[in-house]
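All chains are named by letter (A, B, ...) in the order of the sequence lines, taking the proteins before the strands, and each is independently numbered beginning at 1.
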2 protein chains.
Amino acid sequence: MKHIAESTVRRLSLYLRFLEDYRRQGLETISSGDLASLGGTTSAQVRKDLSFFGSFGTRGLGYSVSALSKRIREILGLEREWRVIIVGAGKIGAALAQYEGFGYRGFKIVGVYDVDQARIGQSLDGVIVKDQQELDGDLKSLKADIVLIAVPPEAAQPLVDRVTKAGIRGVLNFAPAPLHAPAGVTLRSVDMALELEILSYALAAKA
Amino acid sequence: MKHIAESTVRRLSLYLRFLEDYRRQGLETISSGDLASLGGTTSAQVRKDLSFFGSFGTRGLGYSVSALSKRIREILGLEREWRVIIVGAGKIGAALAQYEGFGYRGFKIVGVYDVDQARIGQSLDGVIVKDQQELDGDLKSLKADIVLIAVPPEAAQPLVDRVTKAGIRGVLNFAPAPLHAPAGVTLRSVDMALELEILSYALAAKA
DNA sequence: CGGCGCTTGTGAATGATTTCACAAACTAAC
DNA sequence: GTTAGTTTGTGAAATCATTCACAAGCGCCG
Ligand SMILES: NC(=O)c1ccc[n+]([C@@H]2O[C@H](COP(=O)([O-])OP(=O)(O)OC[C@H]3O[C@@H](n4cnc5c(N)ncnc54)[C@H](O)[C@@H]3O)[C@@H](O)[C@H]2O)c1
Ligand SMILES: NC(=O)c1ccc[n+]([C@@H]2O[C@H](COP(=O)([O-])OP(=O)(O)OC[C@H]3O[C@@H](n4cnc5c(N)ncnc54)[C@H](O)[C@@H]3O)[C@@H](O)[C@H]2O)c1
């Protein structure tokens with residue numbers, strides 16, 4: 001398969017949301033134009049995105065909501081369950097652990113870890129916070145696929161090294177630190193302060 | 001000024017972090033190669049990014065850490081303070097309200113709002129949660145520049161309409177909903193479930 | 001003070017992504 | 001069954017972003 005741009009994958013994920021809204025409304029077909037106006041893009045963009053993976057539509061009609069949902073789910077790897085571990089049960093880690101938006105798409109929180117004795121033992125939405133010393137063993141025994149990093153920035157790189165050594169191939173980081181992972185590991189970062197700075201740039205540029 | 005790509009702005013913001021690390025270490029100059037290896041890009045990319053705004057370096061030597069920091073701060077609009085209001089004092093809203101990473105860069109939380117009587121009156125790191133009925137008036141009296149949306153998805157679009165009507169021109173949204181804002185308003189969304197789905201795609205594509 | 005070595009700044013080239021534009025394929029209506 | 005009206009799928013064109021490659025500028029050393 002040819003390399004697919006991240007922007008395309010991001011949009012596919014959005015299209016899936018819109019498809020689910022349509023399904024909830026009982027609609028059976030959707031056109032590239034509909035998907036485009038919901039997603040703030042163009043119909044040509046939608047069709048091009050889908051065309052990388054095949055042709056799923058019916059000319060004159062559009063796309064079957066259920067068939068396209070299913071296909072996008074397959075493309076994104078969402079037909080399976082992904083087992084997720086959160087490290088750092090502080091403010092953001094706790095919020096993530098209790099976030100319903102993950103479970104809904106097949107991301108299951110199977111463990112939460114911290115160093116702080118005061119936090120260990122706490123229950124976060126059914127998951128008990130465990131001591132980070134148990135992390136290395138649990139990564140394997142719990143068959144974790146993905147680790148979310150919610151520890152202070154200086155603890156983030158050692159943690160990446162640790163979990164990748166244990167075989168983890170997907171990491172989503174929330175600490176504002178420049179991280180590096182070995183080849184074969186996908187590491188993404190969400191940086192909220194950075195998002196605000198981009199907003200700041202846009203606002204400052206206007207004035 | 002020519003239009004600057006978001007990817008460039010995002011990198012500038014990263015460079016600023018690295019410059020601050022260098023300053024903390026007492027280093028006075030930094031080369032495009034240094035910035036590049038910290039940021040996982042190339043030295044040509046760094047120089048090109050900076051060249052959109054002028055030429056700040058010294059050939060043979062590199063960039064003055066303090067002068068370049070200052071210049072990037074100006075470019076990003078970070079010499080001033082931005083007044084931020086958070087709407088939704090739930091799990092993520094509370095975490096954001098208490099996040100130190102914002103204040104550090106001149107983003108000051110001046111108010112937090114909710115509908116839930118149980119949450120109103122709570123103190124989050126010094127800021128008292130107020131009733132959302134007071135929001136419209138406070139947006140002006142508190143001179144807010146930016147609103148962070150941390151309410152359930154269905155409440156997000158009405159909120160965008162409301163705050164933009166009150167004159168807000170910058171919105172950072174955390175709800176997984178497709179939002180639209182009038183022209184002149186910069187609206188960005190952070191969507192964590194989407195980030196996990198992109199990760200899912202990458203992991204699934206490998207296997 | 002002259003030359004060496006390093007690093008910048010930037011056009012030109014390449015590569016990636018988006019948009020355009022239209023033939024082909026289908027539905028629905030009559 | 002024919003036709004009018006849609007909407008897809010996709011090459012080609014246009015735009016946007018990154019990388020290349022190198023002349024020019026500057027510090028430093030002798
Ligand atoms: N609070 C937010 O809204 C927010 C937003 C964006 C990013 N972040 C980032 O997320 C990270 C956590 O932020 P927070 O606000 O939740 O801070 P926090 O201090 O509330 O939580 C950090 C937690 O990590 C734990 N920890 C530290 N080292 C650890 C280790 N080696 N192993 C396991 N656990 C460890 C601490 O005990 C603490 O409970 C920081 O890097 C922060 O910059 C936070
Ligand atoms: N928890 C997370 O980690 C997380 C992560 C990503 C995104 N989100 C998104 O952020 C939003 C909030 O999530 P949460 O987990 O904090 O949920 P939550 O239920 O804990 O918080 C939502 C809060 O918003 C308040 N609210 C509802 N309508 C309001 C209105 N019109 N005005 C003011 N306040 C209002 C509620 O009273 C509640 O306190 C949701 O859209 C969610 O999808 C949450």
field: Atom-pair distance (CG on Asp34(A); C1' on dT6(D)), nearest Å
entry: 12 Å
- prompt: Residues in salt bridge (Lys or Arg N to Asp or Glu O under 4.0 Å) with Arg169(A), at least two apart?
  reply: none
field: Nucleic acid contacts of residues 39-47 of chain B, taken as heavy-atom distances under 4.0 Å to DNA chain D
entry: Thr42(B), Ala44(B), Gln45(B), Arg47(B)
- request: Tell me, please, which residues at least two apart from Arg119(B) pass side-chain hydrogen bond (donor to acceptor under 3.5 Å, both in side chains).
  value: none
task: For Tyr22(B), enumerate each residue passing the ring-ring contact (aromatic ring centres under 6.0 Å, His included) test, keeping only those at least two apart in sequence or located in another chain.
output: none
- prompt: Taking atom types as modelled and ignoring hydrogens, do the side chains of Tyr113(A) and Asp138(A) form a donor-acceptor contact shorter than 3.5 angstrom?
  reply: yes
- prompt: When you measure from every atom of DNA chain C, which of residues 5-28 of chain B have a heavy atom less than 4.0 Å away?
  reply: none
field: For Asp136(B), side-chain hydrogen bond (donor to acceptor under 3.5 Å, both in side chains) partners two or more places apart
entry: Arg162(B)
message: Which residues pass the side-chain hydrogen bond (donor to acceptor under 3.5 Å, both in side chains) test with Ser43(A), not counting sequence neighbours?
response: Arg47(A)
- request: State which residues pass salt bridge (Lys or Arg N to Asp or Glu O under 4.0 Å) with Asp34(A); sequence neighbours excluded, sorted by chain then number.
  value: none
field: Euclidean distance, atom CG of residue Leu50(A) to atom C1' of dG9(D) [Å, nearest integer]
entry: 10 Å
- line: Here the gap from Leu35(A) atom CG to Leu19(A) atom CG, rounded to the nearest 0.5 Å, amounts to 5.5 Å
message: Under the rule for side chain to side chain contact (heavy atoms under 4.5 Å, CB included), what residues qualify as partners of Thr29(B), not counting sequence neighbours?
response: Leu61(B)
- prompt: Which class fits the ring pair Phe18(B) and Tyr15(B): parallel under 30°, tilted 30 to 60°, perpendicular over 60°?
  reply: tilted
statement: What residues 52-64 of chain A contributes to the DNA chain C interface at heavy-atom separation below 4.0 Å is Thr58(A), Arg59(A), Gly60(A)
statement: Bounded by its outermost nucleotides with an atom under 4.0 Å from a heavy atom of chain B, the footprint on DNA chain C reads dC6(C) to dA12(C)
- prompt: Below 4.0 angstrom, N of the basic side chain to O of the carboxylate: do Arg188(A) and Glu195(B) qualify?
  reply: yes
message: Quiz question: by atom type and distance under 3.5 Å, do the side chains of Asp21(B) and Gln25(B) form a donor-acceptor pair?
response: no
Compile the donor-acceptor pairs under 3.5 Å between side chains in residues 80-93 of chain A and protein atoms, sequence neighbours left out, one pair per line.
residue, atom, partner, partner atom, Å
Arg80(A), NH2, Asp145(A), OD1, 3.2
Arg80(A), NH2, Asp145(A), OD2, 2.9
Trp82(A), NE1, Gly77(A), O, 2.9
Trp82(A), NE1, Ser200(B), OG, 3.0
Arg83(A), NE, Leu142(A), O, 2.7
Arg83(A), NH2, Leu142(A), O, 3.1
Lys91(A), NZ, Glu100(B), OE2, 3.4

